[in-house]
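Data first, discussion second: the structure below is written as structure tokens.
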Amino acid sequence: MDPARSAAALEHEIARIEALLRDASAHDWSRSLTTCPRWELADLVGHLGGVDRWVVGAVREGHGRTESTPPPAEGLAGWFDEGARELRETIAVDPATPAWTFERGDRTVGFWQRRQVHEHTVHRVDVELALVGETSPVTVDVAADGVAEVVEVFVPRRLAKGWLDPIPAAVRLVATDAPVEVVIGDGDPVAQVSAPAADLYLALWQRISLDERTTYAGDEVVAREVLRMPLTP
């Protein structure tokens, strides 16, 4: 996505989260998250607000050491709003601007312009499931870019760090509604998984299981095994 589209997508996701949190009751903050089993809603919002401040530090100060402490639950919505506003202001620059990132091959603000769209999209889904029980759609272009980001950034990083076992065989993922075709693993793919981009995206982030809109070609057993692996944090 180009910078303008990334900015618009991030604005949309933040606005949706803010609207949900404004309506949250005192009880809602202790709701358990089905998509993040160790967390309650307050933990998730604390994490997301902390990530926003961490990215601000990465851009303004050039390091990844920024830490922040969330307030009690009753102050979390406003705290999240403040951090999200500062994030948007900080990354609204030329994407080629130097910045610290965790991706050695891309030390620019453009990395964060992309990454924060997906950070907020995935966690918006978490907040919606916790508070309203269903999710609003992920746009095709965001989902398509998110599928590519997982394969380009997270799979290699997790393999290099030893956080992910070796991929047993290559699997091709094909979006049925966008020009996206990526391969997880090395060598010739032994299987192909075809589904709408949003389904592939949310499945890679372990937010949904692929359903009847998914078709498999080749070795379906291996394809399912690969998709069950912790390809993302």
Side-chain angles (χ1 to χ4, degrees), residues 1-18 36 38-39 42-71 75-76 78-127 138 141-164 182 184 201 204-207 229-233:
M1 295 184 293
D2 64 38
R5 176 62 187 122
S6 292
L10 179 60
E11 183 73 32
H12 171 80
E13 298 298 341
I14 288 173
R16 176 60 175 155
I17 294 169
E18 289 176 335
C36 304
R38 294 174 295 175
W39 280 355
D43 300 314
L44 171 63
V45 177
H47 162 78
L48 191 54
V51 168
D52 287 348
R53 288 164 172 82
W54 182 63
V55 173
V56 168
V59 175
R60 292 183 178 174
E61 301 172 22
H63 61 72
R65 300 186 301 275
T66 300
E67 297 181 359
S68 55
T69 302
L76 274 173
W79 186 77
F80 171 76
D81 292 353
E82 292 170 4
R85 181 172 59 253
E86 189 174 18
L87 170 73
R88 295 196 300 274
E89 293 170 354
T90 300
I91 65 175
V93 296
D94 185 330
T97 302
W100 179 89
T101 75
F102 58 77
E103 174 59 37
R104 291 181 181 274
D106 186 357
R107 292 292 173 87
T108 68
V109 173
F111 174 87
W112 293 120
Q113 290 171 341
R114 180 194 208 188
R115 173 85 286 279
Q116 290 309 97
V117 171
H118 300 302
E119 181 76 14
H120 288 79
T121 301
V122 170
H123 287 318
R124 180 264 295 170
V125 168
D126 296 330
V127 175
V138 177
D141 62 337
V142 168
D145 183 71
V147 170
E149 187 205 35
V150 169
V151 175
E152 293 166 5
V153 176
F154 283 99
V155 171
R157 173 175 169 78
R158 292 177 69 76
L159 285 168
K161 294 285 189 180
W163 300 335
L164 176 65
V182 298
I184 299 174
Y201 176 56
L204 287 169
W205 280 99
Q206 304 163 50
R207 263 53 185 187
M229 297 178 74
L231 304 170
T232 53

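Throughout, numbering of the chain's residues begins at 1 and tracks the sequence.
Scanning all heavy atoms of the two residues, the minimum distance from Trp112 to Ala58 falls at NE1-CB, 3.9 Å. Across Val142 and Ala9, no two heavy atoms sit closer than the pair CG2-CB, 3.9 Å. Shortest non-hydrogen contact noted between Gly50 and Ser68 is CA-OG, 3.5 Å. Considering all non-hydrogen atoms of both residues, Ser6 and Val117 come closest at O-CG2, 3.3 Å.
A centroid separation of 6.0 Å or more is found between the aromatic rings of Trp205 and His118. Taking the six-membered ring wherever Trp is involved, the centroid distance between the rings of Trp163 and Phe154 does not fall below 6.0 Å.
Remark: Glu18 pairs with no residue by the salt bridge (charged side-chain N to carboxylate O under 4.0 Å, His left out) rule, at least two apart or across chains. Residues satisfying the side chain to side chain contact (heavy atoms under 4.5 Å, CB included) criterion with Asp141, sequence neighbours excluded, are Met1, Arg5, Thr139.
No side-chain heavy atom of Val45 sits under 4.5 Å from any side-chain heavy atom of Pro70. Thr232 has its side chain out of reach of Val122: every pair of non-hydrogen atoms, C-beta onward, lies at least 4.5 Å apart. The shortest side-chain heavy-atom distance between Leu48 and Ile17 falls under the 4.5 Å cut-off. Contact annotation: the side chain of Val153 never approaches that of Asp106 to less than 4.5 Å [non-hydrogen atoms, C-beta and beyond]. The side-chain heavy atoms of Leu76 and Pro71, taken from C-beta on, include a pair separated by under 4.5 Å. Annotation: side chain of Ile184 is in contact with side chain of Leu204 (closest heavy-atom distance under 4.5 Å). By the 4.5 Å heavy-atom criterion applied to side chains, Pro233 and Gln206 are not counted as neighbours. Residues Leu164 and Leu231 form a side-chain contact, since some pair of their non-hydrogen atoms from C-beta on lies under 4.5 Å apart.
Distance OG1/Thr90 to CD/Gln113: 11.5 Å, rounded to 0.5 Å. Rounding to the nearest 0.5 angstrom, the gap separating the CH2 atom in Trp54 from the NE2 atom in His63 is 11.5 Å. Distance check: Arg88 CZ to Ile14 CD1 gives 4.5 Å after rounding to the nearest 0.5 Å. Remark: Cys36 SG to Leu44 CG distance equals 6.0 Å, nearest 0.5 Å. One finds the CZ atom of Phe102 at 10.5 Å from the CZ atom of Arg107 (value rounded to the nearest 0.5 Å).
Note: Trp39 and His123 have tilted aromatic rings, judged against thresholds of 30 and 60 degrees for the angle between ring planes.
Residue pairs meeting the side chain to side chain donor-acceptor pair (under 3.5 Å) criterion with at least one partner in residues 148-162, sequence neighbours excluded, are Arg114-Glu152, Arg115-Glu149.
In this structure, Arg53 forms a cation-pi arrangement with Trp79, its terminal cationic atom sitting closer than 6.0 Å to the ring centre and no more than 45° off the ring axis.
By the 6.0 Å contact criterion, CD on Glu67 is open, its count of non-hydrogen atoms from other residues, nucleotides or ligands being 12 or less.
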Output, in order, the C-alpha distance, side-chain angles, deciding distance and verdict of side chain to side chain contact (heavy atoms under 4.5 Å, CB included) for Ile91 and Leu10. CA-CA 11 Å; Ile91 65 175; Leu10 179 60; 3.8 Å; yes
Tell me, with the steps shown, if Thr121 and Val138 meet side chain to side chain contact (heavy atoms under 4.5 Å, CB included). CA-CA 8 Å; Thr121 301; Val138 177; 4.0 Å; yes
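When Val127, Asp52, Val51 are each tested for a side-chain contact (heavy atoms from CB on, under 4.5 Å) with His120, only one passes: Asp52.
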